Amino acid sequence: MGDGGRRISVALVGTRGVPARYGGFETAVEEVGKRLAARGHDVVVYCRSTGDAERPENYEGMRLVHRGAMRRRSLETLSHTGLSVAHLLRHRTDAAVVFNAANSPYLPVLRTARIPVATHVDGLEWRRAKWGRTGQAYYRTAESLAVRWSDALIADAQGIADYYRDEFAADTELIAYGAPVVSRESDLLADAGLEPHGYHLVVARFEAENHVDLIVEGYVRSRSTKPLVVVGSAPYAEEYSARVRDAADDRVRFLGGVWDQRLLDQLYAGAATYLHGHSVGGTNPSLLRALGAGTAVIAYDVSFNREVAGAAAAYFSDAAGVAAAIDAADADDGLLDARRAAATARAAAYDWDDVADRYERLCLRLAAHELVKPSRPLGRQRTGAAGRRTAEGRAGRIPVASVPDQSGGAQGAAR
């Protein structure tokens, strides 16, 4: 523990909470929160309660506070965070970490209550087509509010840090996620009708920016005799989900959401390849889990994915690229073995203990009021077009040319 063993109270706000069953934020909260709690800190996690689900008071040493949310996509996150912040004002902590820049309208409330706060800004949410023009405009505004009202900003990828530097002239704490060490067990695969290394795998929410439709289309073009297993669902995207299914043939198997973590880990570890289509979310836990499972990766070609996987993966930008990568993997066992070894080596650079160290140091500095901003400009936060060029690129995606040293320089900065 840093700072001479000083213990503080920390609130983790703005996610669905723990146990982690959904995405990157929840994974980070669980992995970091339980480590901080084990080091003697008082960690409070705000959890989104739904229906008749159990509401435990504690989990892995963390104290849990359950609050509801409006069951509407555009208001679910904000309504839950609002209720969480209202509780936090009555039960103050020494520091708070707010996840998702979309929650930034609540930051002035926390600042008024003299609770030092860092915001984990996530990826470039305004680029997600699901939000429409109004939602995208909101996210762009929320970024500015996060820059203005946070005592510190957290980015989980170099590309996100570059964006905030270029667009806002704002510094960030670069803290990537960790990669789990995934067991190579396979006893549950038979119940799913699968054999180790006998299938290709996709794990993703069905959203346009995750390119599940492109992956399915590319797989159908391939000559593979191994089935494509698709894990994921689309709670707010019926039209996109239909597009994905329409692109499939009888070799594609849709499992829906898989909530059994042991089965999910075995799906990762047992896959011949893991196909990763995410393009806007920074460092992605699904990609890290595949690397931690020692699985050969085929990833969508954006800087976020190259920053994480580097030379351990093959890359695609269209359906033809997917087909070619799958056919190459099926044809060469030696190539697959080399990529599996490279994946395991790459995962070692992403250590959750190191991630927790970085969060601990940041929270201690927040609690000591070392990071409080002396002033907050009232005017426009954005500094010019450079950031928009960095963020969008010629084809609306972060250009590969902006990636730092692929040999590990980006990880070195983030670790």
Side-chain angles (χ1 to χ4, degrees), residues 19-24 26-27 30 53 179-207 210-235 237-238 240-278 284-299 313-314 322-323 325-327 329-331 333 336-337 339-340 343-344 347:
R21 296 191 180 97
Y22 192 77
E26 289 74 22
T27 300
E30 178 167 329
V181 178
V182 177
S183 169
R184 308 296 166 83
E185 296 176 337
S186 60
D187 58 290
L188 300 180
L189 294 182
D191 292 339
L194 300 170
E195 297 180 356
H197 300 158
Y199 58 94
H200 301 282
L201 178 69
V202 182
V203 180
R205 291 198 297 272
F206 286 10
E207 297 177 352
N210 292 344
H211 296 99
V212 182
D213 57 339
L214 186 151
I215 291 172
V216 171
E217 179 186 348
Y219 168 81
V220 169
R221 292 190 192 184
S222 78
R223 298 185 298 273
S224 184
T225 58
K226 298 173 181 176
L228 176 68
V229 175
V230 181
V231 175
S233 59
E238 293 82 0
Y240 183 78
S241 180
R243 188 194 315 166
V244 171
R245 292 179 181 276
D246 288 345
D249 62 15
D250 58 8
R251 295 174 294 165
V252 181
R253 295 182 52 185
F254 293 95
L255 298 190
V258 174
W259 308 113
D260 181 335
Q261 189 61 59
R262 187 162 172 262
L263 172 58
L264 188 60
D265 284 347
Q266 291 193 18
L267 287 170
Y268 276 104
T273 69
Y274 166 73
L275 293 113
H276 184 76
H278 298 63
N284 186 273
S286 294
L287 179 54
L288 288 171
R289 186 166 293 276
L291 295 175
T295 302
V297 170
I298 302 171
V322 173
I326 290 174
D327 286 338
D330 283 351
D333 289 341
L336 280 180
D337 289 341
R339 286 194 179 146
R340 288 171 186 143
T344 299

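Remember, predicted model here, so these are calculated numbers, not experimental data.
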First locate atom [atom1] of [X], then atom [atom2] of [Y], and finally report the distance between them rounded to the nearest 0.5 Å.
| X | Y | atom1 | atom2 | answer |
| --- | --- | --- | --- | --- |
| D265 | R184 | CG | CZ | 11.0 Å |
| L255 | S233 | CG | OG | 12.0 Å |
| R221 | D327 | CZ | CG | 12.0 Å |
| D246 | S241 | CG | OG | 9.5 Å |
| D213 | R243 | CG | CZ | 5.0 Å |
| L201 | T273 | CG | OG1 | 8.0 Å |

Flag this pair as yes if the NZ/CZ of R253 is under 6.0 angstrom from the six-membered ring centre of Y199 and inside a 45 degree cone about the axis; otherwise no. no
Can you say whether the rings of H276 and H278 are parallel (under 30°), tilted (30 to 60°) or perpendicular (over 60°)?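 Taking H278 first and then H276, their aromatic rings lie parallel (interplane angle under 30°).
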Do other residues, nucleotides or ligands put more than 12 heavy atoms under 6.0 Å from E185 CD?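 Yes, because the 6.0 Å sphere around CD of E185 holds more than 12 heavy atoms from other groups.
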Heavy-atom donor-acceptor pair, [X] side chain to [Y] backbone, under 3.5 Å:
| X | Y | result |
| --- | --- | --- |
| Y240 | V212 | yes |
| R251 | L228 | no |
| N210 | R205 | yes |

Assess the residue pair E217 and V220 against the criterion (side chain to side chain contact (heavy atoms under 4.5 Å, CB included)); give the C-alpha distance rounded to whole Å, side-chain angles, the decisive distance to 0.1 Å, and a yes or no. CA-CA 5 Å; E217 179 186 348; V220 169; 5.9 Å; no
Those residues at least two apart in sequence (or on a different chain) that pass side-chain contact (heavy atoms from CB on, under 4.5 Å) with H211 are L214, S279, Y300
Could I get the full list of side-chain contact (heavy atoms from CB on, under 4.5 Å) partners for D330, not counting sequence neighbours?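 Expected list: H200, S224, K226, I326.
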Quick check on side chain to side chain contact (heavy atoms under 4.5 Å, CB included): which of V203, T295, N284, V182 does R289 satisfy it with? V182
Taking all non-hydrogen atoms of both residues, which atom of [X] and which atom of [Y] are closest, and how far apart?
| X | Y | value |
| --- | --- | --- |
| P285 | G24 | CG-CA, 3.1 Å |
| Y219 | P227 | OH-CA, 3.4 Å |
| A296 | A272 | CB-O, 3.7 Å |
| A323 | G218 | CB-O, 3.3 Å |

Under a 4.0 Å N-O cut-off, is there an ion pair linking D337 with R340?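 A salt bridge links D337 with R340.
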Within the structure provided, determine whether Q266 and D260 are in side-chain contact (heavy-atom separation under 4.5 Å).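 Counting from C-beta outward, Q266 and D260 never come under 4.5 Å.
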